[in-house]
There are 4 protein chains.
Amino acid sequence: DAVNIDKVLEDVADDEWLSHSRLMHTATGVREVSKQLQRRPIRRAVRNIMIVTRARDNKLVYLTRELAQWLLATPRYGRDVGINVYVDAKLRTSKRFDAPGLLERDSRFQDMLKYWTPDLCWTSPEKFDLVLTLGGDGTVLFTSWLFQRVVPPILSFALGSLGFLTNFEFDKYKDHLDRIMGDGGMRVNLRMRFTCTVWRVDRSPGAERGAVEEGEQFEVLNELVIDRGPSPYVSNLELYGDNELLTVVQADGCIFSTPTGSTAYSLSAGGSLIHPSIPAILLTPICPHTLSFRPMVLSDTLALRIAVPAASRSTAYCSFDGKGRIELKQGDYVTLEASQYPFPTVMRGGNEWVESVQRALRWNVRGAVQKGW
Amino acid sequence: DAVNIDKVLEDVADDEWLSHSRLMHTATGVREVSKQLQRRPIRRAVRNIMIVTRARDNKLVYLTRELAQWLLATPRYGRDVGINVYVDAKLRTSKRFDAPGLLERDSRFQDMLKYWTPDLCWTSPEKFDLVLTLGGDGTVLFTSWLFQRVVPPILSFALGSLGFLTNFEFDKYKDHLDRIMGDGGMRVNLRMRFTCTVWRVDRSPGAERGAVEEGEQFEVLNELVIDRGPSPYVSNLELYGDNELLTVVQADGCIFSTPTGSTAYSLSAGGSLIHPSIPAILLTPICPHTLSFRPMVLSDTLALRIAVPAASRSTAYCSFDGKGRIELKQGDYVTLEASQYPFPTVMRGGNEWVESVQRALRWNVRGAVQKGW
Amino acid sequence: DAVNIDKVLEDVADDEWLSHSRLMHTATGVREVSKQLQRRPIRRAVRNIMIVTRARDNKLVYLTRELAQWLLATPRYGRDVGINVYVDAKLRTSKRFDAPGLLERDSRFQDMLKYWTPDLCWTSPEKFDLVLTLGGDGTVLFTSWLFQRVVPPILSFALGSLGFLTNFEFDKYKDHLDRIMGDGGMRVNLRMRFTCTVWRVDRSPGAERGAVEEGEQFEVLNELVIDRGPSPYVSNLELYGDNELLTVVQADGCIFSTPTGSTAYSLSAGGSLIHPSIPAILLTPICPHTLSFRPMVLSDTLALRIAVPAASRSTAYCSFDGKGRIELKQGDYVTLEASQYPFPTVMRGGNEWVESVQRALRWNVRGAVQKGW
Amino acid sequence: DAVNIDKVLEDVADDEWLSHSRLMHTATGVREVSKQLQRRPIRRAVRNIMIVTRARDNKLVYLTRELAQWLLATPRYGRDVGINVYVDAKLRTSKRFDAPGLLERDSRFQDMLKYWTPDLCWTSPEKFDLVLTLGGDGTVLFTSWLFQRVVPPILSFALGSLGFLTNFEFDKYKDHLDRIMGDGGMRVNLRMRFTCTVWRVDRSPGAERGAVEEGEQFEVLNELVIDRGPSPYVSNLELYGDNELLTVVQADGCIFSTPTGSTAYSLSAGGSLIHPSIPAILLTPICPHTLSFRPMVLSDTLALRIAVPAASRSTAYCSFDGKGRIELKQGDYVTLEASQYPFPTVMRGGNEWVESVQRALRWNVRGAVQKGW
C-alpha cells in the first residue's frame with residue numbers, strides 16, 4: 001500500500017542504462033518525493049513521554065515537576081488520566097522535584113511516573129514516543145548525545161527568548177502539547193547527524209605497517225572539530241572523499257558541520273547559514289593559511305576521512321559537539337558520514353528557521369554600519 | 001520495467017499519515033535513489049552534435065573546423081562515415097571556417113554539416129544529442145542562455161588551463177569523444193538552473209491596485225543579481241519564501257546563486273563553495289548593512305520572490321548570469337525557483353569539482369600568509 | 001615661545017645624514033609630540049556659534065529654536081547676554097522657527113541672530129568659533145561638505161541613541177555647552193579628510209595625447225568610492241602611489257576610507273575598524289575578483305591616483321561621501337591625498353570611539369552564534 | 001645643530017592652552033617631520049657585521065661561509081681588507097663552515113672573524129653595525145628574539161623567492177652590500193615591536209588580595225596571541241586601554257598584531273594588511289562569538305592590558321611571535337605597548353611592501369573566481 005522505496009531502488013538498479021530523458025524525469029521525481037515528505041505530519045498516540053532538563057538548575061526542576069504533573073493528570077486518548085512520563089533518574093530523590101508529593105495526588109501515577117537513565121536511552125530508545133527538552137540549545141545537544149542510535153521526536157521548549165533549536169515557548173506548553181498530541185499531529189524536521197569514528201594506527205609491537213584500530217564513535221548534531229589543540233603549529237590535515245585525496249588543509253583546524261551546526265561554531269569561523277533540510281556537509285576552515293580557501297558545502301553522500309599525515313610536525317585534537325577532545329597522532333584519522341540516525345525535531349510551523357536566525361542574529365535590530373546622509 | 005516515480009508520488013500522496021518509522025525509512029530511501037542516479041551513465045548513440053564557440057575568435061574558428069571535420073569523417077556506429085555536425089550559422093560564410101573546402105572532402109558531408117541558430121535551439125533542442133563548447137566558462141554560460149527550455153548534454157572543452165566549467169582538455173578531444181560516444185557512455189551532472197520571472201506593477205490608467213503583469217523570463221545557470229545599480233542608496237529588498245516574508249535585506253544588493261554559480265560572483269561577495277549536486281539556493285548579500293547578515297543556503301524547494309518595497313527610496317536593477325540589467329521599480333518583483341530544465345554537463349570523472357576549485361583558486365600553490373619560524 | 005614646528009622641519013632638512021641612533025631618537029620624539037597634541041584642550045571664547053540641522057524636519061526645527069534661544073539669552077563671558085547664533089538661512093521665514101517671536105524677547109537679539117548660507121561657510125569659515133549639529137551622522141557629513149576648506153570645531157548632538165559621530169546627548173545640551181565654553185575647554189579630534197580631485201583626458205580636437213584637465217574637487221570625511229556603476233563588468237582600476245603603479249584592482253569597486261569612514265560603507269565591504277587618531281588610508285575592495293585581495297591600510301603620506309585604464313572595457317563611477325556620482329571614462333583618474341583641512345570634532349572624553357563602536361554594533365548585546373552546552 | 005626634539009616637547013608642554021589654529025598647524029607639522037624622517041638615509045661606516053642563519057641547514061652554512069669570506073676579504077673604507085664578521089658560535093666547530101680553512105687565507109682574518117652568542121646580542125647589541133639574515137621570514141623573527149632591547153639595522157636575504165620580510169635576493173648580495181656600505185647608505189624602516197609583559201596573581205599564602213607579580217617579558221615583532229589553548233570553551237578576555245575597560249572579547253582568542261605581523265597569523269584570521277609605517281596595533285579576534293566584532297586598528301599610544309576574568313570558566317594561553325605558550329590563570333593578565341625598541345629593517349626601495357604583498361598573495365596571478373561571459 002504505502003511507498004515501497006526498496007522496490008524503487010531495485011528498479012533503478014535493474015535499468016542499467018538510463019536514457020537522458022528518463023534520467024531527467026526520475027531526478028525531478030525524486031526531488032518531488034523528498035519535498036512531499038518534508039510536509040508530512042506524523043499522527044501517533046503519544047503514550048510515553050521523556051523530559052530532559054538540567055537537573056542541577058533549581059528553577060528548571062520546578063518547571064519539570066509542573067510539566068510532569070500536567071502530563072500525568074490531563075486525560076488523553078479516551079482515558080480519564082494522562083500519559084506515562086519519564087524524568088531524569090537524578091530527580092528520583094530530589095527534594096525540589098518531590099516525587100512522593102506528586103505520587104500522593106493520584107495512586108495511578110505510581111505506575112506512570114518513571115525514570116530514564118542514559119543506559120535506557122541507549123538500549124531502548126523506542127520506549128519514548130516523544131522527548132521534551134527544557135533549557136537552552138545545549139540541552140538539545142545533550143539529548144542528541146543520549147540517543148546515539150534511533151532518536152524519538154524531540155520537542156524543545158525555551159524558557160526565555162527562543163533559541164536556534166528551542167522553538168516552543170514554555171509558557172504556552174499546554175496549547176502546544178494539546179495540539180501536537182491531538183488532531184494536529186506533528187511535523188518533524190529530520191536533522192542530519194554525522195557518524196564520526198576515530199581510527200588509530202596500531203602501535204603495538206609486531207603490528208602490520210598501516211594497520212589501524214577502530215576507536216570511539218559518536219553521533220554529532222552540530223559539528224566535528226579537528227584542530228591543533230595546544231600545539232603552536234598550524235595543522236596539516238589530509239581530506240579524503242570516497243577514499244580519494246581531495247585536498248590538504250593548512251589551518252588552525254577544520255569544522256565539519258551539519259546544517260544544524262551552521263548556526264554554531266562554524267558561523268564564528270565564517271561559514272554560511274544552511275537550512276536544515278539541505279543534505280550537506282559544511283567544511284569551514286579555521287584561520288586557513290591559504291587565503292582563497294573558503295568554506296565548502298559538500299554532498300552528504302560523500303564518505304569523508306580526515307587524517308593527520310604520517311610526517312606531520314604535530315598532532316591534532318578532535319571534539320564532537322564540543323565534547324571529547326581526543327588526540328589524533330600521526331597517521332590516525334577520523335571518518336565522517338551522514339548518519340542513518342537523524343535527529344527528528346518537532347517543527348513549530350512557518351519559516352521558523354529564518355525567523356530563529358533573524359531573531360538570534362539581530363538582523364534589522366541593528367549591529368549595523370554607520371548610515372549616510 | 002523502469003522506475004515509476006509517478007507511482008511513488010501517488011503512493012506518498014495516498015498514505016495520509018506517515019508513522020515516524022515509515023517517514024524515516026522513506027526519507028533514507030529517497031536519498032539513496034538520488035545517490036544512485038548521480039552515478040548512472042547514459043549510453044546513447046550520438047547522431048547529431050552541436051558545436052558552440054565564439055565565432056569572432058579566429059583561433060577558435062580554426063579549431064572548430066578541425067573538430068567538425070574529424071566528427072564528420074570518423075566512422076562511427078557501424079557506418080563508414082561520421083555523424084552530423086551543427087555549427088554556428090555565423091560560420092556559414094566565414095572564410096576561416098571555409099565550409100566549401102570542408103564539403104569538397106566527401107560528398108556525403110553535404111547533408112551532414114548543418115547550421116544552428118538561436119531560434120533552432122529554442123524550438124528544437126531535442127535535435128542535438130550532445131553539445132560541445134569550445135572556449136571558456138563564458139561560452140558555457142552562453143550555451144545555457146541558448147537553451148531556455150530542455151538542454152541536451154553539454155561537454156565543455158578548455159583551450160588552455162581547465163576552468164570551473166570547462167573540464168575536458170581540447171588537445172585530447174579524440175580520446176574523450178571516442179570514449180563517451182563508445183562503450184563508456186557519459187555520466188552527467190544535472191546542474192540546477194533557476195527560472196526567474198520579472199513581474200511589474202500595472203501602471204496603466206485604470207489598473208487595479210496591486211495588479212502586476214508578467215515580464216521577462218530567464219533560465220540562469222550561475223546567478224540572479226539584484227542590486228542598487230547606479231543609485232547611491234543602499235537597496236531594501238523584501239525577500240519572500242513560499243509567499244511569506246522571510247526578511248528585508250539592506251545591502252548594495254543580493255546574489256541568488258546556484259551551486260554552479262557559487263564559484264562565480266557569489267564567491268567574490270563572500271559566499272561559500274557549494275558542490276553542484278546539492279539542491280540549494282545560495283543567497284549572498286553584497287555589502288550588507290547589518291554585519292551579522294551572512295550568506296544563506298536555502299532549500300531548492302522554496303519559491304522565492306524578491307520585491308522592491310512600494311515605499312522604497314530608490315529602484316533596483318536585476319541581471320541574469322551577468323546579462324539583462326532590467327530595472328525594477330517600486331512594487332515590482334522577481335520570482336525565482338529551481339527550474340524544471342536543469343543543465344546537464346558531462347562529467348570527466350573523479351572528484352573533478354574539488355579539483356577544479358583547488359586548481360582555479362590556487363590552493364596549496366600559495367596566496368598564503370607569512371610563515372612563522 | 002610656542003612650538004616652532006617650521007624650525008624643526010628646517011633642522012631635519014639640514015641634517016643631511018642621520019645616524020642610526022639619532023633617527024631612532026627623533027622618530028620616538030615625533031611620536032611623543034603627536035601623542036601630547038591629542039591630549040591638549042583648546043580653551044577659547046566662543047563668540048559665534050553656528051547650528052546645522054535638517055531644515056525640513058519639523059521636530060529638529062523646534063529644537064534648533066530652543067537651542068538658539070538658550071544660546072542667545074544665557075549670559076556668558078562677563079556679559080549679561082549670550083552669544084551670536086547663526087542658523088540656516090532656510091529658517092529665516094520658517095513659521096516653525098518663528099524668528100520674529102524670538103527677536104521679540106530681547107531687542108539685542110536683533111544683532112545676535114544671524115543666518116548662514118553655504119556660500120558664507122565657503123568664504124568665511126573663520127566667522128564660526130564652534131558649530132553644533134543636530135541630527136544624525138548624516139548631518140555631520142553634510143557639515144563636512146559645507147566646509148570645503150578650514151573647518152571650525154564641530155560638536156554633534158544626537159537626538160535619540162548616540163551614533164558613531166554624534167557623541168553628545170541633546171537632552172543634556174546645557175551641561176555640555178556650559179562646560180565646553182567654560183573652564184573645561186574642548187579637546188578636539190582632528191579627523192583626517194581626503195582631498196579628492198577628478199582629472200579628465202582632454203578630448204577636445206587637437207589636444208595633446210595624454211593631456212588631462214582638472215575637474216571637480218571634494219573634501220571627504222568618510223570615503224571616496226569608485227565602482228562599476230550600472231556596468232555589468234567588473235572594474236579594472238589602476239592604483240598608483242606616489243606615481244608608481246602599486247597594483248591593478250579587479251573588483252566591483254574600491255572604497256578609499258578615512259579612519260572616520262571605517263565605520264561606514266567600508267565596514268559593510270569587510271574593512272577593519274580604525275581608530276580616528278591613526279594617520280591612514282583604508283583601501284577596501286568591493287567583491288574583489290582575486291580572493292586573496294584583502295583590505296589594506298596605507299600610509300596617509302601616500303599620494304594616491306586611481307585611474308580607469310585607457311583600454312578598459314567599461315567606465316567607472318566615483319562618489320564622495322555618498323554624493324557626486326561622477327563618471328570616469330577611459331584614461332580619466334582621481335587623485336586622493338590626506339587633506340590639509342582636517343575635520344575637528346569635539347570629544348566627549350573617555351574611550352568614546354570604542355564605546356560608540358560597541359554600542360552601534362551591539363557587541364555583547366548579541367547578534368551571536370548558537371551557544372554550546 | 002640637529003633636531004632637538006626634547007626642546008619641541010618642552011615647548012608643547014609649556015604652551016598650556018593651544019589655540020585652535022596653532023593646534024592645527026602643529027599637528028600638520030608633526031606629520032610632516034614624521035614623513036621626512038621615513039625618507040632619510042643613514043650613512044655610516046659598517047665596521048662590524050653579524051650574520052644570522054639556521055646553523056642546521058647545510059646549504060645555508062655554505063652560503064654563510066661564502067658571504068663571510070667576501071666580507072672579510074673585500075677592501076672597504078680605505079683599508080686593503082674587509083670588515084669584522086660575527087657568525088653564530090654554533091659554527092665555530094662546524095666542518096661545513098670550516099673556520100680554519102677560512103683563517104688560512106689571510107692572517108688578518110684571525111682577529112676579524114668573531115662569534116656571536118644570544119648572550120652577546122643581549123648585552124652588547126651596539127657591537128653590530130649591521131645584521132644580515134640568511135633564510136626565510138622565520139629567521140628574521142628569530143633575530144628579533146635575539147635582540148630584546150636595542151636592535152641594529154637588519155638586512156634580510158632570501159634564498160629563493162622573496163618573502164614578506166626577506167627583501168634582498170641573495171644572488172645579488174655583492175651589489176646590494178656594496179651600495180649600502182658605500183655612498184648609497186641605507187634607508188631603514190623602523191618596524192614597531194610590542195613590549196609584552198605577563199603579570200600573575202600572587203597566589204602565595206598571605207598575599208594581599210589583588211596583588212600581582214611581574215612575570216616574563218618579550219619583545220614581539222609579529223604578534224601576541226591569547227587563545228583558549230586546549231580548552232573547549234570560548235575565551236572571555238577583558239580588554240583594557242589606558243586602564244579603562246574597553247570591551248570583553250568572547251572568541252577562540254585574540255591576536256594583537258603589529259603592522260609587520262599583519263601579513264602573518266592575523267591575515268588568516270581575517271585582519272587587514274597594514275603598511276609598516278603606520279603606528280598602530282591591530283586587534284584581530286579569532287572566531288568571535290559576536291558576528292559584528294570586527295578587526296580593529298588601535299592607536300599605538302594606547303597601553304593595553306588583556307586579562308582573564310577572575311570568574312572565568314577556563315584559563316587562557318599566550319604566545320609571542322608563535323613561541324612561549326604561557327598559561328594565564330584566572331586574574332592573570334598581559335600588558336602590551338609599543339616598544340621603545342623598534343626593529344629597523346633595511347629597505348630595498350620602491351613600494352616594496354605592496355610588491356611583497358602582491359607577490360606573496362598572488363594577486364593578479366589568480367586564485368580568482370569564475371569569469372563571466
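By convention in this document, chain letters (A, B, ...) are assigned in the order of the sequence lines, proteins followed by strands, and residues within each chain are numbered from 1.
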- prompt: For chain D, which residues of residues 261-270 of chain A have at least one non-hydrogen atom nearer than 4.5 Å to it?
  reply: A:Tyr265, A:Leu267, A:Ser268, A:Ala269
field: Partner set under salt bridge (Lys or Arg N to Asp or Glu O under 4.0 Å) for A:Arg228, not counting sequence neighbours
entry: A:Asp252, D:Asp227
- prompt: What residue in A:Pro288, A:Gly324, A:Ala251, A:Gly229 has the most heavy-atom pairs under 4.5 Å with chain D?
  reply: A:Pro288
message: Which one wins on heavy-atom pair count under 4.5 Å against chain A: D:Ser319, D:Pro230, D:Pro285?
response: D:Pro230
task: Report the distance from atom CZ of D:Arg362 to atom OG of A:Ser292, rounding to the nearest 0.5 Å.
output: 11.0 Å
